[in-house]
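Worksheet: the structure to be examined is printed underneath.
Numbers here simply count residues along the sequence, with the first being 1.
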Amino acid sequence: MIRSVRRAVMVMMYAVVGAVAGRVAMDLRQRHLRGEPLEVKLDASSLRPQEIVPGLIAAMRVRDRPWSYLHIPGWFAAFAVNFAVSALGRELRPIDDEDAEARSVLDATADPRPVVTTSEAGPGTAAATEPGGDAGAGFTPFDE
């Protein structure tokens with residue numbers, strides 16, 4: 001019992017340390033790109049639970065297949081995942097923004113033709129006017 005509580009506290013501690021270290025790494029990289037002097041600022045007071053949860057989930061999942069084959073300790077998974085999420089989270093955001101831009105372009109170029117439903121069309125014209133083409137155009141039934 002004490003061993004599992006100690007393990008849980010250690011995982012939580014490493015998850016917080018990983019999130020803070022990721023923020024520091026991201027801040028140092030941003031300062032380097034802007035040409036400012038490199039100065040370490042530990043700002044753990046503004047950590048949100050959403051930043052710690054990915055590492056905790058990773059720590060819980062290290063014993064599940066296929067991750068269990070790697071024999072990664074839970075504390076290391078918590079640290080590494082939170083470090084990566086904190087350090088690279090802002091770097092990956094432009095990828096998501098580009099994806100949203102592409103979706104908006106596709107929505108803008110969508111087919112502007114109106115869709116005629118069966119309630120608006122007559123009894124024999126619904127199949128030919130539905131979206132996707134002329135399903136009934138050119139079909140000649142077999143003579144019996």
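- In this pair, Trp75 and Tyr14 present their aromatic rings tilted. The plane angle is within the 30 to 60° band.
- Across all non-hydrogen atoms, the minimal contact from Gly55 to Asn82 is N-OD1, 2.9 Å.
- More than 12 heavy-atom neighbours from other residues, nucleotides or ligands sit within 6.0 angstrom of CZ on Arg34.
- Put simply, CG on Asp27 and NE2 on His32 are 13.5 Å apart, with the number rounded to the nearest 0.5 Å.
- Cluster annotation: Phe76 is connected to Val17 through the hydrophobic network of ILVMFWY side chains, with a link wherever side-chain heavy atoms come within less than 4.5 Å.
- Contact between Val62 and Ala77 at its shortest, heavy atoms only, is CG1-CB, 3.5 Å.
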Inset, instruction - Show the numbers, then the answer: is there a side-chain contact (heavy atoms from CB on, under 4.5 Å) between Leu88 and Met26? - result: CA-CA 7 Å; Leu88 300 176; Met26 186 254 323; over 6 Å; no
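- Of all heavy-atom pairs between Ala19 and Ser86, the closest is O-OG, 3.3 Å.
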Inset, instruction - Dump the intermediate steps for side-chain contact (heavy atoms from CB on, under 4.5 Å) on Val85 and Glu51, then the final yes or no. - result: CA-CA 8 Å; Val85 167; Glu51 297 173 3; over 6 Å; no
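- Val16 and Val53 fall into different hydrophobic clusters, where Ile, Leu, Val, Met, Phe, Trp and Tyr are joined by side-chain heavy atoms under 4.5 Å apart, directly or via other members.
- Taking a 6.0 Å sphere around CZ of Arg61, one finds it holds 12 or fewer heavy atoms contributed by other residues, nucleotides or ligands.
- Annotation: the span from Phe79 atom CZ to Met13 atom CE amounts to 11.0 Å, rounded to 0.5 Å.
- The hydrophobic clustering, which links ILVMFWY residues whose side-chain heavy atoms are closer than 4.5 Å, places Val20 and Leu38 together.
- Crowding of Met12 atom CE: a count of heavy atoms from other residues, nucleotides or ligands under 6.0 Å not exceeding 12.
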